[in-house]
Amino acid sequence: MLEDMNELMLQRREKLSQLREERKKAFAEKYEVTHHAAEVENNFEELEEKEVKLAGRLMAIRTHGKASFADLMDMTGKVQLYVKQNNIGEERYEFFQDLDLGDLVGITGTVFKTNRGQVSIRVSSFELLTKSLRPLPEKFHGLKDKDIRYRQRYLDLIVNPDVKETFVIRSKIIKEMRRYLEEKGFLEVETPMMHPIAGGATARPFVTHHNTLDMDLYLRIAPELYLKKLIVGGFEKVFEINRNFRNEGMSYKHNPEFTTMELYQAQADYHDMMELTENLVSHLAAEVLGTDTLEYEGTELDFTTPWTRITMVEAVKKYADVDFSEFDTAEEAYEAAASVGVKPEEGLSYGEVLNEVFEERVEDKLIQPTFIMDYPIEVSPLAQKIEDDPRFTYRFEAFVYGREIANAFSELNDPEEQKRRFEKQVEMREAGDEEAQMMDYDFIRALEYGMPPTGGLGIGIDRLIMLLTDSSSIRDVILFPTMRPESNE
RNA sequence: GGGCCAUUAGCUCAGUUGGCAGAGCACCUGACUUUUAAUCAGGUUGUCGGAGGUUCGAAUCCUCCAUGGCUCACCA
């Protein structure tokens, strides 16, 4: 399993046993720091000639005979060390020369500026905190191999500072989302990750097994049904930020486990959810990035509210130039699809064909934030239907840069209707659609007790963060994306 | 799963029509007490992803395999 040791690794191990022979510590237990690199850099006037203690990783050493410069990197960035034999003594200086790039050290010294004006720390003493036994990737070109970057994310974080920044922003966005929702009276809850029935979305689940109960359980594909049970139970505003798992393809915008925020609000409808969505997202951009217009892959995206609102039928008419409002049979829908070059598979309904045309001809044109409203009932088994036009539901999805980032609806709260919708899904499942939903009597029972009118919203956190951090792949916003196991050759 | 591309030193990469396997960084030795991709002098580092084949001769051409990337299909 361990790859062969190369010469550099052998050298470092040699140094380690040398240290042990000399009874020098190579793996320390604790080091008390007073400052971080960025503080020293940013508060130079205040700290000039003051003593500071820092700890971090040696990223570069530039030796000039009896004095050396080194770059120490901690969580906040890099600071230059100035290590002079006169200041620390011959024996310690030699020890310092013997350190390797990547070693973790703790240093004490005074802050000063070099002749070139570089804020630095004149080291008066240092300790090796942890010996690094593997060489770091080359400093100038860095680490580019995506496979290694994702598999050994710690290396990516060490040598590519932007990566660290992306994940700091991710954390800030989620933190601010929580704060924003809590301020609006939403309660954060946790619902099961293991479900006896995989519900709340159309997707293929992962299956696992509980030994004591001797039963299969599904990793959840969505928390939706449990959250709605909480609305039945009387919580009026709840949200959950957590992982979903879908046993489907992987791509630049799909990872088998991904994070969503789902929220449910009693007495609200999908118009309220639209307002909440646009306000939340533009707030996050403004709060975390300081602007609500930002650049994504060279395109300016303007999150300023209100976002464009357009029904699916109107959007298809606008972008694909076919008017689905003029007919309502599957045959006519297939004809219309064919007229714009879309060929859906056989046996679909009016609504499914419309949805197909939308996905094929419209989605990727929705660059600026746009709400697509009124989804076909066949593809929306959990949404309330529109009274005046039961082909459609009070459901919208939000698109940015051609990608779905939110999905919401006025929740279906009629238990009999819900049961019929499930039955329809079961039929589709039996007809071979592995993604169709399963019957969930437990959920129907909950609805029978009465669920208030409810607006529900789901936001794909990873995709939102891709947009806000200008990341082109979902793997760039997930610390440890799902990977095939490393081969042993 | 299909298509395209890639795999050469620890890292980033060159390698011409098939003719002794290279550079920079890293590493080792030496010089250098304000450098910052430090500099200067010298040195070490390879199963050229693997297995076959063609050839006097293969990193280079052919076949198969492995791993990865991009892309299409499915999906959020």
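Chain identifiers are assigned alphabetically (A, B, ...) following the order of the sequence lines, protein sequences preceding nucleic acid strands; residue numbering begins at 1 within each chain. Here the structure is a predicted model, which is why all the values come from computation and not from measurement.
- The closest donor-acceptor contact from the side chain of A/R153 to the backbone of A/I478 lies under 3.5 Å.
- Comparing A/S473 and A/E360 along RNA chain B, the residue whose closest nucleotide (by nearest heavy atom) sits nearer the 5' end is A/S473.
- Remark: the backbone N or O of A/R243 is paired with a side-chain donor or acceptor of A/R220 at under 3.5 angstrom.
- Judged by distance alone, the side chains of A/S380 and A/Y394 never bring a donor and an acceptor atom under 3.5 Å apart.
- Listed for the A/N160 side chain is no donor-acceptor partner under 3.5 Å among the backbone atoms of A/D162.
- A/R62 has no side-chain polar atom (N or O) that falls below the 4.0 Å cut-off from OP1 or OP2 of B/U35.
- Using a cutoff of 4.0 Å between basic side-chain nitrogens and carboxylate oxygens, A/E91 and A/K24 are scored as salt-bridged.
- In this structure, the ring of A/F112 has its center less than 6.0 angstrom from the ring center of A/Y82.
- Taking a pair to require two hydrogen-bonding distances under 3.5 Å in either a Watson-Crick or a G-U wobble arrangement, B/G24 pairs with B/C11.
- Nucleotides B/G46 and B/A26 are separated by 16 Å at their C1' atoms, to the nearest Å.
- The nucleotide B/C56 finds its pairing partner in B/G19, both defining distances of the Watson-Crick or G-U wobble pair being shorter than 3.5 Å.
- Within 6.0 Å of NZ on A/K424 lie no more than 12 heavy atoms contributed by other residues, nucleotides or ligands.
- Candidate nucleotides B/U36, B/C28, B/U33 were compared by shortest atom distance to the side chain of A/K66, and B/U33 ranks first.
- The distance between atom OH of A/Y93 and atom P of B/U33, rounded to the nearest whole Å, is 9 Å.
- Between B/G68 and A/R151, a contact under 4.0 Å exists linking OP1 or OP2 to a side-chain N or O.
- Atom pair A/L10:CG and B/A26:C1' shows a separation of 15 Å (rounding to whole Å applied).
- Protein atom CD1 of A/I61 is 14 Å distant from nucleotide atom C1' of B/C28, rounded to whole Å.
- When the C1' atom is used for both B/A59 and B/G18, the distance is 10 Å, rounded to whole Å.
- The stretch residues 95-118 of chain A touches RNA chain B through A/L101, A/F112, A/T114, A/N115, A/R116, A/Q118, each having a heavy atom within less than 4.0 Å of the strand.
- Taking atom OH on A/Y401 and atom C1' on B/A76, their separation rounds to 18 Å, with Å as the unit.
- No side-chain N or O of A/Q368 forms a donor-acceptor pair with one of A/T308 less than 3.5 Å apart.
- Contact annotation for A/N255: base contact, defined as any heavy-atom pair under 4.0 Å involving a base atom.
- Of the P atoms belonging to B/U16 and B/A73, the separation is 37 Å, rounded to the nearest Å.
- B/U47 is unpaired under the Watson-Crick or G-U wobble criterion, no partner having all donor-acceptor distances under 3.5 Å.
- Distance from the side chain of A/T63 is smallest for B/C32 among the nucleotides B/C27, B/C32, B/A76.
- Neither side chain, A/E176 nor A/Y180, offers a donor N or O lying under 3.5 Å from an acceptor on the other.
- Searching all strands for a Watson-Crick or G-U wobble partner of B/U67 with both distances below 3.5 Å returns B/A6.
- With rounding to whole Å, A/M9 atom CE is found 15 Å from B/A26 atom C1'.
- Picking from B/U35, B/A76, B/C28 the nucleotide with the shortest atom distance to the side chain of A/R463 gives B/A76.
- At whole-Å resolution of the value, CG in A/D364 and P in B/A73 are 11 Å apart.
- For B/A9 and B/G1, the P atoms lie 28 Å apart once the distance is rounded to whole Å.
- RNA chain B is contacted by both A/A67 and A/F258; A/A67 maps to the nucleotide lying nearer its 5′ end (nearest heavy atom per residue).
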Dump every N/O contact between nucleotides 9-11 of chain B and the protein below 3.5 Å, one line per pair.
unit_1	atom_1	unit_2	atom_2	d
B/G10	O4'	A/N6	ND2	3.2
B/C11	O2'	A/E138	N	3.1
B/C11	O2'	A/G142	O	3.3

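- Of all nucleotides listed (B/A76, B/U36, B/C27), B/U36 comes nearest to the side chain of A/Q80.
- No donor-acceptor pair closer than 3.5 Å links the side chain of A/R475 to the backbone N or O of A/P481.
- Residue A/R475 is classed as a sugar-phosphate contact, given heavy-atom separations below 4.0 Å to backbone atoms only.
- A/Y375 has its ring centre no less than 6.0 Å from the ring centre of A/Y270.
- At the heavy-atom level, A/K15 lies under 4.0 Å from the strands shown only through sugar-phosphate atoms.
- Between B/U34, B/G68, B/U35, one nucleotide has an atom nearer to the side chain of A/Y82 than all others, and that is B/U34.
- Summarising the geometry, the separation between CD on A/E94 and C1' on B/U29 is reported as 14 Å, rounded to the nearest angstrom.
- In this structure, CD of A/E363 is placed 15 Å from C1' of B/A73, rounded to the nearest angstrom.
- Residue A/F422 qualifies as enclosed at atom CZ: its count of foreign heavy atoms under 6.0 Å is above 12.
- Comparing the P positions of B/C25 and B/A37 gives a spacing of 13 Å, expressed to the nearest Å.
- Judged by centroid separation below 5.5 Å and plane tilt below 30°, A/F69 does not stack onto the base of B/A38.
- The existence of a salt bridge linking A/E278 and A/R309 is confirmed by a sub-4.0 Å separation between a basic side-chain nitrogen and an acidic carboxylate oxygen.
- To the nearest whole angstrom, the two C1' atoms, one in B/U8 and one in B/U67, are 16 Å apart.
- With a cut-off of 3.5 Å on both Watson-Crick or G-U wobble distances, the partner of B/C40 is given as B/G30.
- Among the heavy atoms of the strands lying under 4.0 Å from A/E435 are primed sugar atoms or P, OP1, OP2 only; no base atom is included.
- B/G57 and B/C64: their P atoms are spaced 23 Å apart (whole Å).
- Only the C1' atoms considered, B/A38 is 11 Å distant from B/C32, to the nearest whole Å.
- A donor N or O paired with an acceptor N or O is found under 3.5 Å between the base of B/U33 and the side-chain atoms of A/N86.
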